[in-house]
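Remarks on the structure that follows.
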Amino acid sequence: MTETILAAEPTIRLVAFLGILAAMALWEVGAPRRRREIPRVVRWTNNFALVLLDTAILRLTFPILAVGLAAMAEERGWGLFNNIDVPVGVAIVVSMLLLDLAIYLQHVMFHAVPGLWRLHRMHHADLDFDVTTGLRFHPIEILISMGIKLAVVAALGPPAVAVLLFEVILNATALFNHGNIDVPRPVDRILRWIIVTPDMHRVHHSVDPRETNSNFGFNFPWWDRLLGTYVAQPANGHKGMVIGIEQFRTRRDLWLDRMLIQPLLGPASGGALDARSHQSRSSSVSSKKAEPGTDK
Ligand SMILES: [Zn+2]
Ligand SMILES: [Zn+2]
């Protein structure tokens, strides 16, 4: 079973990725949520070039990735679930939840630690918000994330199929929730109880640090609601809000070479620590946030 999963992993992941990417790109053309500020050719060429670079660096750096490590842990009896007797269904569900919680916490950490925020803010510096924004991560952030994921897998000993499912779902939801798509408001209201929707994640890409530092979930929306980081809608509405961060706002900043050196440029403002100081300077933002459905 595990061998079949390992053999099929690259095909499953590639087919799911390309299929969902194509579907989202068509959906964005058919029912866009916001008007584009930047021509697609500028952002898409550079964002896709970054994906290729990230993938190459990841493969060259790690001899084994998360699904492979889960299989190895199963074989050698490493980690919690390889040492306790629980039904495989329970192990799969709990593993996926804990992996998602780990990703949420890691995302909060990338906002809270200034050095890590310098890496992660590149994801936020995209000046439009569409399906390719979901792929835009600095290669060093990709490497650190994989290191954390491997540590979680080693400690948890999840079934390899749970890790594969998690990876495919996470990849799919990241493409979906960065989509510049107009999901009807009543549908969004229901959907955001189950998965992170584009309207929910778009708040996270607001230029306002108080909104940037909210809605950290990529996959399941529950952690934000349970842990107090949920903001329902942007204060200026989805059409009026400004996407990006304050520091990098020129078209040149969207080029691959500039993206790669962004961690070394300027102050580390805009992260969670900065948002806290904003909060103490001005009082009332969160209490005035609109509820789902009240936004235009
Ligand atoms: Zn973020
Ligand atoms: Zn994002």
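Since the structure is predicted, the reported quantities are computational estimates derived from the model, not experimental observations.
When ring centroids are compared, His111 and His204 come within the 6.0 Å threshold. Aromatic ring centres of Phe218 and His201 lie closer together than 6.0 Å. Checked against the 6.0 Å centroid criterion, the rings of Trp117 and His124 qualify as a close aromatic pair.
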Quiz prompt | Steps toward side-chain hydrogen bond (donor to acceptor under 3.5 Å, both in side chains) verdict (Arg121, Gln247) | solution = CA-CA 10 Å; Arg121 70 185 176 183; Gln247 264 169 284; 3.2 Å; yes
Practice problem: Go through Asp257 and Arg252 one step at a time and tell me if the salt bridge (charged side-chain N to carboxylate O under 4.0 Å, His left out) criterion holds. | Solution: CA-CA 9 Å; Asp257 58 330; Arg252 183 70 181 92; 2.8 Å; yes
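In this structure, His178 and Pro198 have side chains that are not in contact, with every pair of non-hydrogen atoms separated by 4.5 Å or more. When side chains are defined from C-beta on, Ser95 does not count as touching Ile92, because their heavy atoms never get closer than 4.5 Å. Here the side chains of Glu167 and Leu99 are not in contact, with every heavy-atom distance at 4.5 Å or above. For the pair Leu69 and Leu65, the minimum side-chain heavy-atom distance is 4.5 Å or more. Looking at Val94 and Phe81, their side chains come closer than 4.5 Å, going by heavy atoms from C-beta outward. Contact of the Asp128 side chain with the Ile243 side chain is not registered, since no non-hydrogen atoms from C-beta on lie closer than 4.5 Å.
Taking the six-membered ring for Trp and thresholds of 30 and 60 degrees, Tyr104 and Phe216 have ring planes more than 60 degrees apart, a perpendicular arrangement. Phe110 and His120 have tilted rings, their planes meeting at an angle from 30° to 60° on a 0 to 90° scale.
Within the cation-pi definition used here (under 6.0 Å to the ring centroid, within 45° of the axis), Arg258 does not qualify as a partner of Trp255.
When each of Leu254, Asp130, Asp126 is paired with Ile38, the side chain to side chain contact (heavy atoms under 4.5 Å, CB included) condition holds for Leu254 and for no other.
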